[in-house]
Structures are given as C-alpha cells and as structure tokens.
Protein chains: 2
Amino acid sequence: MEKSTRYGQIQEDLKKKIQQGSYEVGDLLPSENELCAAYHVTRTTARKALQELQNEGYITRQHGKGSIVSERRNTLGLLTVRGFSETVGHEVRNVMISKPSIHDWSRDFSFSPSEKEVVSKCIHFSRLRCVGTTPVMLEESWLAADCVPSFMEQEFVDGSFFKTLSKRYMIEITGSEQEIRAVRADENVGILLHVAAKSPVLYIAVRYTTSLPGYYVYSKLYCNTDKYPIGNVYSSPK
Amino acid sequence: MEKSTRYGQIQEDLKKKIQQGSYEVGDLLPSENELCAAYHVTRTTARKALQELQNEGYITRQHGKGSIVSERRNTLGLLTVRGFSETVGHEVRNVMISKPSIHDWSRDFSFSPSEKEVVSKCIHFSRLRCVGTTPVMLEESWLAADCVPSFMEQEFVDGSFFKTLSKRYMIEITGSEQEIRAVRADENVGILLHVAAKSPVLYIAVRYTTSLPGYYVYSKLYCNTDKYPIGNVYSSPK
DNA sequence: TAGTGGTCTAGACCACTGG
DNA sequence: CAGTGGTCTAGACCACTAG
C-alpha cells in the first residue's frame, strides 16, 4: 500500500507511528523542518503530509507550537460540517427562538466545558433556520459569558452570531468537532421543525474552537432532513 | 469581510462570481496560470485559492481539464464522510450479508447512474460492519459490472472492497459525494443493526468517484448511532 | 529569543485531457 | 499537440508560542 508521492509516504509513516502508539495523544509530531531533514524534502512536501494528517483528524496544528496528536473519540468515520451560512443556493431565514440569557452550565452534552469555562456563567440562545418557509434546523448554542461583555444588550451584527464574535469581540472560529446521531424528535423540537413527535431527526453536537485558547462555543443542532438532507460534494486526492 | 491573505481574496472573488452566476454549473473557472497572471501571484497562491473552493464544495478539479463549477444539490451545509476503514481505535469486523450478484439498475436512489453505466448490468452486495460484537453499519453497494470482469468469482483482496478495486482492476477511489438523513429503520435493517423497527437510524447515500471517468460506486449506509456516533475532529483555517 | 507553523515567490518536471 | 492540474525544490518573510 505504498503511496507513490513523497508526501504520501511521509503521511503513511507518521500515521503508522501514531496508530502503533509511538506518539501518544497530545504529543508533538516532528516539526516541519525536522521532517524536511529526516526525509530530505522541502517544507512544501513535509507540510503537505502534515496537512493531510490534519484533514484525516489525526492531528491538530497550532501556530508557534507544532502538530499535536488528536484524541480519537468514540466515533465512526470522519466528517466535517461547515457553517450553515456557507450553504448557498437557498433563501435562508433565521428566527430567534429564545434570546440570549444567562444560565449555569447544566450539561448533558458530548463535550465537557473546560476548566476555564466552568468558573464563568454561560449564555444560551436558540435559533430556528428556515429555507423559505420550511424550518430545517433548530440550533441551540452555549458560550462562556466572561469573554463576551454586554453580549445580551446588543443585537447580532448582520444577524450573524459568528460575525458578532468576530467584529465585536475579536474572536474567530478556527475549527470544529462534531458528533452526529439519528434521534427521535422530542415534542418541542417536533413542533418547531414541523415534524411529528418521535420521528427521526438528525442530531449534531458541535464544539467550535476559537482563536481564544480554551474558549469554545457549543451547539446542538436538530435537523429535519426530509426535504433538505445534509450533504456535500467533495473530492479528496487519494 | 476582506480576507487578509492573497489566496483568501482570490477565493472570495471566485466564490462571489459563482454565487452571482458569472459561472454556471459545469463551467470552467480560470486555470491556475490564468489566475496567476490576473492576480499577479505565483501558482502556489492561485492553487491554494482553488483548493479551498474545492474543499468548500464549490468546484471539482480535474487533472488535464480544469476547475469545474459544481452542482449545488438540495442540501444543507457541507460535510465529508471518509472511508469506514480510516476509523481507528476500534476492532472492526465485516460480515458479508449478501454476496455479490448481478442485477438490473432498479434504482430509488439520490444519484442517477450515468449513461455509460445503464447499458451494463450492475453488481450488488451488502455487508455489515461491526465494532467488536456490536453491529454499527449496514452497507449496500452497487457498481457497473462491465469494468470488473469475474468480480463475483473471487474473494475480496484482504476482505477489502476498495483494495480489490485497486489491486485487481486498477480502479482508485478519488472522492465522494453524499447525503445524510435521519430515517426510520425498516424491519430488515432493524434486525441486522439490533435496533427496534422504526427507530431512528442514520442513512447516508454515497456516490464514490473513481479514477475511471464516468465510473462510480454507489453505496447506501444505515448506521446505528446509539453507541458510536458519526464524528470527527477537524479544524480548518478560516 | 529561538523555534514553530502560515504565507508566498519563482522556478521545474510530470501525467493527464482534449482537439 | 498545447494546456491543465499534481508534485516538488529552494529559498524568503511573517506572526505566533514558549521559555
């Protein structure tokens, strides 16, 4: 199963070492320059290998630090969900279901808030995303209150939450992790999404990473996939 | 919303033109060299812009041809499902439920077979993927029979379908498109996945593109996400 | 401050596509 | 065949991280 490209060989080498346990979760892989020396390639090639490993979810990379071996969650396969706003070709409307309000972190969630976050209260809000007049997605979001002062006193910038984080608080979304399940709609979700209670809906738990270390945004998405499935067009060089 | 990088600006420029209809579905975007000249950048930079557009699903790229504007399906968001075999940290077993056999293309499917394919019969088989003793995924696959002679007379190479395509027929999987839904398990699926009939399961329709133009592999996946959700760890530079 | 990853230049050779 | 995207070299400057 030798890859025919140099970067492919480096990629497979590193992957094997991760799988065999030569690198533990949290460890740093060799830096780009070290890989250049070890494999006698230029940075472009070493870099490409690391980027592919990142795309496959084996590592995350951090500017100024290095390539960090990722935790492998209890999940099947790998996939990527991008922002709802990246969807094109649809008329999307957002309806605020419950305005931002302060709560405690009472969480039955796939991801645990970090130590930094639990000392703060959290802000919660939920929105309904509609294509035309059809509700397609209910999104609940949580974030720690301490990094976003007077969040609740102001409207969102252009109605966009992410744009608000960026423009008003200089917080950028840098990535995400998610878990997807098929679940039964509870009564509330069913009413909002216009489906019968207990019918199947797609559930996505997301943790967005931000430009602030240790600061995350959490979301739960419930999707009615009858009319609009979650989908993509993607092709990856193998 | 100006991007601070050159490739980001080019990327946004092209995206806007696609969204505004300056390029129709199927059109070719400017080639890498043309972008180099137009924006006074090197190929590395022009290339990066096109690669990001590809990752976002706006275009597909074809060696020797160019960057082709993608059809925007009736889907929400964008996501990527990678091969089941890329999952790590699990003991995966595959059980052949129905061995490869010849059929007509009778299709109630998200993707239509291409003209090349309908003139041929198709091969169908289905497999159950288990983690330990827990069935987690039922996979049905279809492919045109004419490109894989004596497919049914031989066992899979290492038990792997993709490896068989690669080693025996020199056909490589180059990418995929998919649609995800939450549906009710029918009786058969329920029995195989050890869930009650009509309980929610994740349904994924996949079309794999191959190194043979116009030749695809189609799959339907049914996943029991109770114990093992579909998930990932991903971070994209924004 | 030294080392890291992020971006970018200016070339090169190759395999693939289409006319 | 000319043009395309895929890979790769050998440099450069920058912003970020951590000691």
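Below, chains carry the letters A, B, ... as their sequence lines are ordered, and counting in each starts from 1.
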Taking only side-chain nitrogens and oxygens of [X], does any of them come within less than 4.0 Å of OP1 or OP2 of [N]?
| X | N | answer |
| --- | --- | --- |
| A/K65 | D/dA18 | yes |
| A/R6 | D/dT7 | no |
| B/R47 | D/dG5 | no |
| B/T44 | C/dT9 | no |
| B/T42 | C/dG11 | no |

All side-chain contact (heavy atoms from CB on, under 4.5 Å) counterparts of B/T44, not counting sequence neighbours: B/T42
Residues in ring pair (Phe, Tyr, Trp, His ring centres under 6.0 Å) contact with B/H103, at least two apart in sequence or another chain: B/H124
Side chains of residues 147-157 of chain A: which donor-acceptor partners sit under 3.5 Å, not counting sequence neighbours?
none

Short heteroatom pairs, N/O only, protein and nucleotides 12-15 of chain D, under 3.5 Å:
from: D/dA12; atom 1: N6; to: A/R43; atom 2: NH1; distance (Å): 3.3
from: D/dA15; atom 1: N3; to: A/H63; atom 2: NE2; distance (Å): 2.7

Return all side-chain donor-acceptor pairs below 3.5 angstrom for residues 32-39 of chain A, not counting sequence neighbours, or 'none' if the list is empty.
from: A/E32; atom 1: OE1; to: A/R43; atom 2: NE; distance (Å): 2.8
from: A/E32; atom 1: OE1; to: A/R43; atom 2: NH2; distance (Å): 2.8
from: A/E32; atom 1: OE2; to: A/R47; atom 2: NH1; distance (Å): 2.7
from: A/E32; atom 1: OE2; to: A/R61; atom 2: NH2; distance (Å): 2.5
from: A/E34; atom 1: OE1; to: A/S31; atom 2: N; distance (Å): 2.8
from: A/Y39; atom 1: OH; to: A/D13; atom 2: OD2; distance (Å): 2.9

Listed partners of A/T45 passing side chain to side chain donor-acceptor pair (under 3.5 Å), at least two apart: none
Residue list, side chain to side chain donor-acceptor pair (under 3.5 Å) with A/S126, at least two apart or on another chain: A/S98
side-chain hydrogen bond (donor to acceptor under 3.5 Å, both in side chains) partner of A/Q9, the single match among A/E12, A/Q11, A/R6: A/R6
Consecutive-pair stems (at least three Watson-Crick or G-U pairs, under 3.5 Å) that include DNA chain D: C:1-18 with D:1-18
Residue B/V41, side-chain atoms from C-beta onward, closest of C/dT7, C/dT9, D/dG6: C/dT9
B/F125 and its ring pair (Phe, Tyr, Trp, His ring centres under 6.0 Å) partner, picked from B/W142, B/Y218, B/F161: B/F161
